[in-house]
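Inspection log for the structure reproduced underneath, given as structure tokens.
Ligands are counted one by one from 1 in listed order, and the atoms in each one are counted from 1 as well.
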Amino acid sequence: MKLWNKKVAGATILTMSMLLGACNGTDKETTDTKDGDTSEKKVEIVYASGVDVTGATDKLIAAFEEKNPNITVKRQEMPADTGASHDQYVTTFSSQSAEIDVFDADVIWPAEFAQAQYALELDRFIEADGINMDDYFPGTVQSGNFNGRQYAMPKYTDAGLLFYRKDIVETPPKTWDELFDMASELKGKEGTEFGYLMQANQYEGLVCNAVEFIAAYGGQVVDENNEVVVNTPETVAGITKMVEFVNSDFVPSNILSFQETETNNAWVGGQSVFARNWPYMQSTSEDKEASKVAGNVGFAVLPSGDDTNAATLGGWMSMINRYSENQEAAWEFVKFMSGPEGQKISAVEGGRAPTIASLYEDEEVKEAAVLFSNEEFVATLQNAVPRPVSPIYPVISDIMQVELSKALAKDITPEEAAKNMQDKIVAAMAE
Ligand code: GLC
């Protein structure tokens, strides 16, 4: 049976490689076996992706390799900080290097990478394999689409969540003010040191946390018409609340250096009553070997401000380097990771939220993580607030990071931060 499969797979790949060879000159070598059988030579592709504390990535690769014996995936680990990864990719791709074949892309990158011509258009592959993009959450597909072409396939989606200790908190807070009071009061219970953990370091995660505060108080950065609308009393109210949290006595004294990793480590170490993080922390929380809080973790939507409650839309996609010399094999891997089987592994092993709606009906997915059978959570994912979609997003983000950091350190007021962001983003977009 196995041999038969191998031969069929080999023949299919061979046909594809012949076609590809005819199309773009990327000819793949074949090996003649002793009995005259011709089978595909092994192809190695390099897959770059960020540090994965859940271990799901290795399982994804193993499952893919088992199904595709002719393709070996070599993992290249990128920094956990999305901004640092981004800068490394830009350096590599702007030199037209073929070193990386497939890479994970933060939802904020595809527009920029498409415009800079770093990424391969995927439409011909999607069509040839009959992939129905309507199976995916529309927002996640849009993040990978630029000028009508699909450059990235959705892998998983993210939305900010409030994690709380069920052994300390009876009912999670509904508003940011309630959270503030509960974090002050409850810190110290059950051996905790902190009331709340968040991401306040000067990096992309800071923008994600800020967008949640800003939207909760009715503010926005860029509106539907692509106008910069960040200098409003609503935004100021959101930033003011964030400054209060960061300067409270219930967050770690080094909260200004906290990213997701620091948050996760302190959380699974049992150090805090509440924390803001992405869904994957449900998986690390329940890892009985590494977590002191397994069995005691609850989740809620982030609290409301004066206006509503809001979660920032995050998530990751898969893209192919335009200069990859193994485009067919690269696509096979992208297709696997972003397809139902790959997304299921990410969900079950890594607690990552699928972008394929039907997976929320899958019994194994539902069983693996309580979040996935929670309707409120699925609604949060679908209503999450995107960051500005723009090929110059990194510039916008840098401006926000600098101004927000100054406000959190109380070097400038929230009013000044809002005004500076407005002026600088408008100027950057005009260039
Ligand atoms: C998560 C999100 C991503 C975001 C990043 C910020 O990885 O999925 O979209 O940019 O966190 O740190």
Side-chain angles (χ1 to χ4, degrees), residues 48-54 56-57 77-90 103-113 137 139-144 152-163 197-215 221 242 255-265 267 275-284 302 310-319 337-338 343 346-347 350-355 371 377 380-382 384-390 393-398 400-401 404-405:
S49 62
V51 175
D52 180 4
V53 288
T54 72
T57 303
E77 196 173 71
M78 302 296 279
D81 175 342
T82 172
S85 292
H86 168 271
D87 296 352
Q88 280 191 27
Y89 284 123
V90 170
F103 60 101
D104 279 2
D106 196 333
V107 287
I108 50 185
W109 304 344
E112 177 199 1
F113 283 16
F137 289 155
T140 65
V141 175
Q142 273 154 29
S143 306
M153 289 297 287
K155 244 188 98 176
Y156 63 84
T157 186
D158 264 342
L161 277 180
L162 181 68
F163 291 79
L197 306 170
M198 59 192 286
Q199 296 81 50
N201 189 216
Q202 186 173 325
Y203 82 117
E204 185 59 34
L206 175 65
V207 176
C208 297
N209 281 244
V211 163
E212 285 159 355
F213 277 102
I214 292 170
V221 181
M242 189 172 183
I255 192 75
L256 292 179
S257 61
F258 262 56
Q259 300 192 356
E260 286 87 357
T261 311
E262 289 73 19
T263 307
N264 180 68
N265 291 346
W267 177 257
R276 181 264 178 223
N277 207 345
W278 307 103
Y280 80 91
M281 204 164 77
Q282 64 178 330
S283 162
T284 53
L302 286 168
T312 297
L313 178 67
W316 288 78
M317 315 198 72
S318 289
M319 301 181 81
M337 286 197 291
S338 59
Q343 289 211 18
S346 298
R352 316 276 192 190
T355 61
L371 263 183
F377 169 69
T380 303
L381 284 179
Q382 281 167 322
V385 183
R387 284 159 279 173
V389 177
S390 160
Y393 179 74
V395 179
I396 299 175
S397 173
D398 275 348
M400 292 183 69
Q401 291 176 34
L404 289 163
S405 293

Among all the protein's non-hydrogen atoms, which is closest to [atom], and how far away is it?
atom: atom 4 (C) of ligand 1; answer: Asp106 OD2, 3.4 Å
atom: atom 6 (C) of ligand 1; answer: Glu260 OE2, 3.5 Å
atom: atom 8 (O) of ligand 1; answer: Asp158 OD2, 2.5 Å
atom: atom 11 (O) of ligand 1; answer: Trp278 NE1, 3.0 Å
atom: atom 7 (O) of ligand 1; answer: Trp316 NE1, 2.9 Å

(request) Please confirm whether Trp316 and Trp109 have ring centers closer than 6.0 angstrom. (result) yes
(message) Using a 4.0 Å cutoff against the non-hydrogen atoms of Gly205, which atoms of ligand 1 qualify?
(response)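 In order of numbering, the contacting atoms are 6 (C), 12 (O).
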(request) Give the numbers and elements of all ligand 1 atoms closer than 4.0 Å to a heavy atom of Gly315. (result)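 Near Gly315, the atoms of ligand 1 are 2 (C), 3 (C), 8 (O), 9 (O).
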(request) Rounded to the nearest 0.5 Å, what's the gap from CE on Met198 to CG on Leu206? Could you check? (result)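 Met198 atom CE to Leu206 atom CG measures 7.5 Å (nearest 0.5 Å).
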(request) Supply the atom-to-atom distance Phe163 CZ to Met281 CE, rounded to the nearest 0.5 angstrom. (result) 4.5 Å
Under 3.5 Å between any N/O of [X] and any N/O of ligand 1: does that happen in this structure?
X: Cys208; result: no
X: Thr82; result: no
X: Tyr156; result: no
X: Glu204; result: no

Under 3.5 Å, is there a donor-acceptor pair linking the side chains of [X] and [Y]?
X: Glu262; Y: Ser257; value: no
X: Asn277; Y: Thr263; value: no
X: Ser397; Y: Gln401; value: yes
X: Glu112; Y: His86; value: yes

(request) Give me the ring orientation class for Tyr89 and Phe103: parallel if the planes are under 30° apart, tilted from 30 to 60°, perpendicular past 60°. (result) tilted
(request) With heavy atoms under 4.0 Å as the rule, classify the contact between Arg387 and ligand 1 as side chain, backbone, both or neither. (result) side chain
(message) With a heavy-atom distance limit of 4.0 Å, tell me whether Gln259 approaches ligand 1 through its side chain, its backbone, both, or neither.
(response) neither
(message) With a 4.0 Å cut-off on heavy atoms, is Tyr203 in contact with ligand 1?
(response) yes
(request) Could you tell me whether the side chain of Arg387 reaches within less than 4.5 Å of the side chain of Tyr393, counting heavy atoms only? (result) yes
